[in-house]
Amino acid sequence: MKALNKIPAWAVVTFGAGIFLVQNLLTPIIGDDYAYAFIWDAAQNGNFQNNLGKLYRVESIGDVFVSQWSHWLTWGGRSIAHCCVQFFMMFDKFFFDVANALVYAALGLLIYFLAAGKFELRAGALLWIFFALWFCLPEFYQTTLWLTGSCNYLWMTVLQLAFLLPFALKFWRKKFSLPVPVMIFAGLMAGWSNESGGAFTIFLTFLALMYFWRQKKIERWMLAGFIALFAGYALLMLAPGNFQRYVVDSNAETKPFLSLAMLMDNFNDGMIEIIKYDAVLILLIAGYFLRGKKTPQTTIFVLAFTAAGILLPCLLMLSPEFPARAAFASPVFLIVATVAALEKMQFELPRKLVAAGISLWLVTSAFAVAVDGYVYSQFQERQKYIAAHKNDALIVVDPIELPKLVEKFFWAWTLDEATRFYGDLTPYRDKFNNRNITFAQYYNLKEVVLDMEKWSKQTQFVYY
């Protein structure tokens with residue numbers, strides 16, 4: 001590990017964010033991105049309904065606020081995340097790609113700052129962080145590369161960690177403070193982020209306040225931030241749209257709440273994937289307690305973030321549904337704990353093991369970029385075909401093909417069967433077609449569908 005620290009820290013961050021930027025540039029606008037390109041149509045039950053009427057593009061910041069007010073009232077409370085989505089959908093996607101790569105780099109840096117309590121970077125720790133992010137984040141493509149998904153998970157987790165950072169710096173350094181207005185703003189943004197990560201940001205902040213209270217070191221900025229955090233979470237959870245959407249989902253739901261069938265679905269849909277990612281991180285944390293140079297301060301910090309990482313998916317097991325992406329913050333909290341533990345353990349990994357890990361990262365990254373390029377070229381050909389037939393009454397396009405290896409094996413870093421099936425156009429003209437409608441209106445087309453014959457020959461993720 002000492003040899004790794006001779007590498008410039010900026011080179012590690014640039015490499016991790018650079019690969020991510022290339023993938024972003026190859027990731028198309030898809031699925032919900034098109035729906036959020038338009039002002040939210042509350043009169044027609046929102047932009048995700050079928051048989052939509054005329055929609056109007058978001059063209060200004062004022063349109064974003066009008067749209068999100070309507071969204072908050074009729075669909076959901078994730079106003080901060082969807083403000084980001086609708087803002088970027090006003091511009092060429094290149095601007096989002098660059099911004100998203102910077103936010104991904106910020107995630108890695110925040111993890112280190114939280115765990116180390118200092119801004120002096122170590123290349124070895126950063127290599128581990130970006131390696132762990134690559135291999136442990138759930139549904140990587142959907143939560144970090146896809147525009148709508150990234151704004152909902154990657155960006156919101158960065159807001160949550162940014163809010164927690166002052167508490168961590170105070171914990172490690174003893175002397176640290178921030179202006180009250182800054183903490184109020186940070187708390188409001190972190191609370192009004194997403195449901196699971198926001199809840200456990202409150203949990204970790206509460207633990208921090210209990211610690212500082214016992215140390216008789218509670219300060220005004222901490223309390224102001226905590227109150228604002230609660231206020232933001234209330235705006236997220238108590239949005240009228242959440243209740244309206246719950247009624248719609250309940251009418252379509254066939255499994256009773258907290259039934260064995262619901263719990264089994266949640267375990268199979270989300271928990272298994274999270275366990276797979278979190279298990280390795282938990283083993284590393286266990287290594288700290290078995291052989292690390294433990295200190296009371298480090299132990300408290302590691303236990304707090306480990307508890308948040310483990311409890312988060314357990315709580316999601318009790319929700320009506322549990323897609324793995326909802327537990328995005330779980331491995332992030334555990335990575336923070338591993339970095340804090342590894343900083344104290346200071347053991348030397350065998351060079352061959354380090355080389356093997358870096359090689360695996362490089363090989364999988366190269367393959368992911370190759371798959372992204374293959375998919376991107378098909379989207380480009382589709383766009384050329386659409387441009388040539390823009391005035392046709394009906395445009396029939398080919399479905400996106402995935403490499404056979406990606407179809408046969410789980411591959412989270414690229415567009416997969418689930419993303420293609422639920423995010424791309426459909427072959428239907430009479431149902432499940434809001435994606436077709438928003439796509440057509442976005443490009444000023446009369447009607448567009450997938451080629452039914454070619455689509456039916458593909459491996460289907462689920463059956464309609």
Side-chain angles (χ1 to χ4, degrees), residues 28-93 96 142 146-153 155-156 192-195 235-253 321 323 386 390 393-395 419 421-450 464:
I29 295 172
I30 191 170
D32 294 359
D33 298 344
Y34 289 111
Y36 280 115
F38 299 95
I39 296 172
W40 192 259
D41 185 12
Q44 301 296 325
N45 296 319
N47 298 10
F48 297 114
Q49 304 303 313
N50 301 322
N51 304 313
L52 291 166
K54 174 65 178 175
L55 296 171
Y56 297 92
R57 288 286 295 272
V58 172
E59 296 180 338
S60 68
I61 298 297
D63 287 345
V64 173
F65 289 137
V66 167
S67 180
Q68 281 309 304
W69 173 247
S70 179
H71 187 278
W72 188 78
L73 290 173
T74 62
W75 192 254
R78 291 187 186 179
S79 304
I80 305 302
H82 292 126
C83 274
C84 294
V85 177
Q86 297 206 290
F87 172 80
F88 282 111
M89 286 305 295
M90 291 192 293
F91 306 103
D92 186 280
K93 186 173 173 290
F96 169 77
Q142 294 183 39
W146 173 40
L147 194 154
T148 299
S150 180
C151 289
N152 273 274
Y153 298 102
W155 287 58
M156 295 303 101
W192 203 354
S193 53
N194 58 39
E195 297 80 4
L235 288 168
L236 170 73
M237 298 301 293
L238 300 179
N242 287 333
F243 302 99
Q244 185 166 323
R245 185 177 180 181
Y246 178 76
V247 171
V248 174
D249 290 344
S250 297
N251 290 337
E253 181 59 57
E321 59 180 8
I386 287 171
K390 189 168 185 176
L394 175 65
I395 302 176
T419 309
F421 196 82
Y422 290 114
D424 197 13
L425 298 170
T426 82
Y428 302 106
R429 297 182 66 180
D430 58 340
K431 59 180 179 177
F432 302 111
N433 63 353
N434 66 294
R435 281 175 275 155
N436 296 10
I437 295 169
T438 53
F439 184 98
Q441 293 199 32
Y442 186 86
Y443 293 109
N444 295 314
L445 311 175
K446 295 176 182 177
E447 187 178 3
V448 61
V449 295
L450 288 185
Y464 272 132

For Leu52 versus Ile437, what's the shortest heavy-atom pair and its separation? N-CD1, 3.6 Å

Rounded to the nearest 0.5 Å, what separates atom CG in Asn152 from atom CD1 in Ile80? 11.5 Å

Can you tell me if Trp192 uses its side chain to pair, donor with acceptor, with the backbone of Gly77 under 3.5 Å? yes

Arg78 versus Leu236: any side-chain heavy-atom pair under 4.5 Å? yes

Of all the heavy-atom pairs spanning Tyr428 and Asn433, show the shortest one and how long it is. O-CB, 3.7 Å

Quick check for you: to the nearest 0.5 Å, what is the distance between Ile39 atom CD1 and Gln68 atom CD? 11.0 Å

I'd like to know if the side chain of Asn436 and the backbone of Val449 have a donor-acceptor N/O pair within less than 3.5 Å. no

Side-chain donor or acceptor of Thr74 paired with backbone N/O of Ser70 under 3.5 Å: yes

Measure from the side-chain N and O atoms of Asn47 to the backbone N and O of Asp41, and report whether any donor-acceptor pair falls under 3.5 Å. yes

Rounded at 0.5 Å granularity, tell me how far CG in Leu394 sits from CD in Glu447. 5.0 Å

Rounded to the nearest 0.5 angstrom, the SG-CH2 distance for Cys151 and Trp146 is 10.0 Å

Could you check whether atom OH of Tyr443 has more than 12 heavy atoms from other residues, nucleotides or ligands sitting under 6.0 Å from it? yes

Please report whether the ring centroid of Phe87 lies less than 6.0 Å from that of Phe91. yes

Exceeds 12 heavy-atom contacts within 6.0 angstrom, atom CZ of Arg429: no

For Gly423 and Ile30, the nearest pair of non-hydrogen atoms, with its separation, is O-CG1, 3.4 Å

State whether the side chain of Asp33 and the backbone N or O of Ile29 hold a donor-acceptor pair below 3.5 Å, judged by distance alone. no

Closest non-hydrogen contact found for Glu195 with Met237 is CG-SD, 3.5 Å

Any non-hydrogen side-chain atom of Phe38 less than 4.5 Å from a side-chain atom of Met89? no

Qualifying residue for ring pair (Phe, Tyr, Trp, His ring centres under 6.0 Å) with Trp40, from Trp69, Phe48, Trp72: Phe48

For Ile395 and Lys390, the nearest pair of non-hydrogen atoms, with its separation, is CD1-CA, 4.2 Å

Please report the shortest heavy-atom distance between Thr148 and Val85, naming the atom on each side. OG1-CG1, 3.6 Å

Between atom CD of Gln44 and atom CG of Asn434, what is the distance when rounded to the nearest 0.5 Å? 13.0 Å

For the CD1 atom of Ile61 and the CD atom of Gln86, what is their distance to the nearest 0.5 Å? 10.5 Å

Checking Thr438 side chain against Arg435 main chain: does a donor-acceptor pair fall under 3.5 Å? yes

Determine whether a donor-acceptor pair (N or O, by modelled atom type, separation under 3.5 Å) exists between the side chain of His71 and the backbone of Ser67. no

